[in-house]
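Chain letters run A, B, ... following the sequence lines, proteins first, then strands; residues in each count from 1. Since this is a predicted model, take the numbers as computed values, not measurements.
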Amino acid sequence: MARRSPHPSDADAARQRLLATVDAVPPGRVATYGQVAEEAGLPGRARLVGRLLAGLPAGSALPWHRVVAAGGRLALPPGSPADREQRRRLRGEGSLLPGARRVDLARVGWRP
DNA sequence: CACCTGACAGAAG
DNA sequence: TCTTCTGCCAGGT
């Protein structure tokens with residue numbers, strides 16, 4: 001029930017804005033967790049973005065694979081199913097070179 | 001309520 | 001460029 005935080009709806013609205021921001025990252029481009037949080041009006045909540053994406057349902061239509069850690073590093077556990085899927089998709093969009101563990105933000109970084 | 005953990009980030013060595 | 005440490009925030013135990 002109603003516990004913690006000013007209003008429960010605030011956190012919910014925040015999640016909605018974060019989801020919308022991730023959804024706004026175009027194919028062939030990638031954004032960092034911190035960037036997504038900032039664009040959504042939640043500066044400093046990079047970890048919240050990670051939490052949100054970690055809880056996405058399996059068949060989500062959200063382009064979660066276009067969200068990476070600072071400096072373009074891939075944050076998912078190397079070799080994990082999610083990591084392989086992310087690399088596969090990024091490779092498909094020409095954002096990641098085969099075998100690479102990070103994307104070139106100078107080249108494919110999202111500039112909203 | 002204290003303590004731990006994590007799909008983070010930035011600074012320092 | 002990589003590793004370690006510190007700061008942060010939300011959830012879980």
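Taking all atoms of both residues into account, the shortest heavy-atom contact from A/T32 to A/V67 is C-CG1, 4.2 Å. The shortest heavy-atom contact between A/V22 and A/P63 is O-CG, 3.4 Å.
Separation of atoms CZ (A/R29) and CG (A/L105) is listed at 10.5 Å; rounding is to 0.5 Å. Within the model, atoms CG of A/L62 and CG of A/L18 stand 10.0 Å from one another, a figure rounded to the nearest 0.5 Å. Note: A/Q86 CD to A/L76 CG = 5.0 Å, rounded to the nearest 0.5 Å.
Taking a 4.0 Å limit (strictly below) on heavy-atom distances, residues 41-61 of chain A reaches DNA chain C at A/R47, A/L48, A/R51. Near DNA chain C, defined here as any heavy-atom distance below 4.0 Å, the residues from residues 75-106 of chain A are A/R102, listed numerically.
In terms of phosphate contacts, A/R15 brings a side-chain nitrogen or oxygen within less than 4.0 Å of OP1 or OP2 of C/dG11.
Counting heavy atoms from C-beta on, the side chains of A/Y33 and A/R51 never come closer than 4.5 Å.
As rounded to whole Å, 24 Å separates atom P of C/dG7 from atom OH of A/Y33. A/D10 has its CG atom 16 Å from the P atom of C/dC9, to the nearest Å. In this structure, A/L62 places its CG atom 17 Å from P of B/dA7, rounding to the nearest Å. Taking atom CZ of A/R73 as the reference point, atom C1' of C/dT4 lies 13 Å away to the nearest angstrom.
The closest donor-acceptor contact from the side chain of A/R45 to the backbone of A/A37 lies at 3.5 Å or more, if one exists at all.
Within the structure, salt bridge (Lys or Arg N to Asp or Glu O under 4.0 Å) contacts touching residues 90-109 of chain A (residues at least two apart or in different chains) are A/R66-A/E93, A/D83-A/R101.
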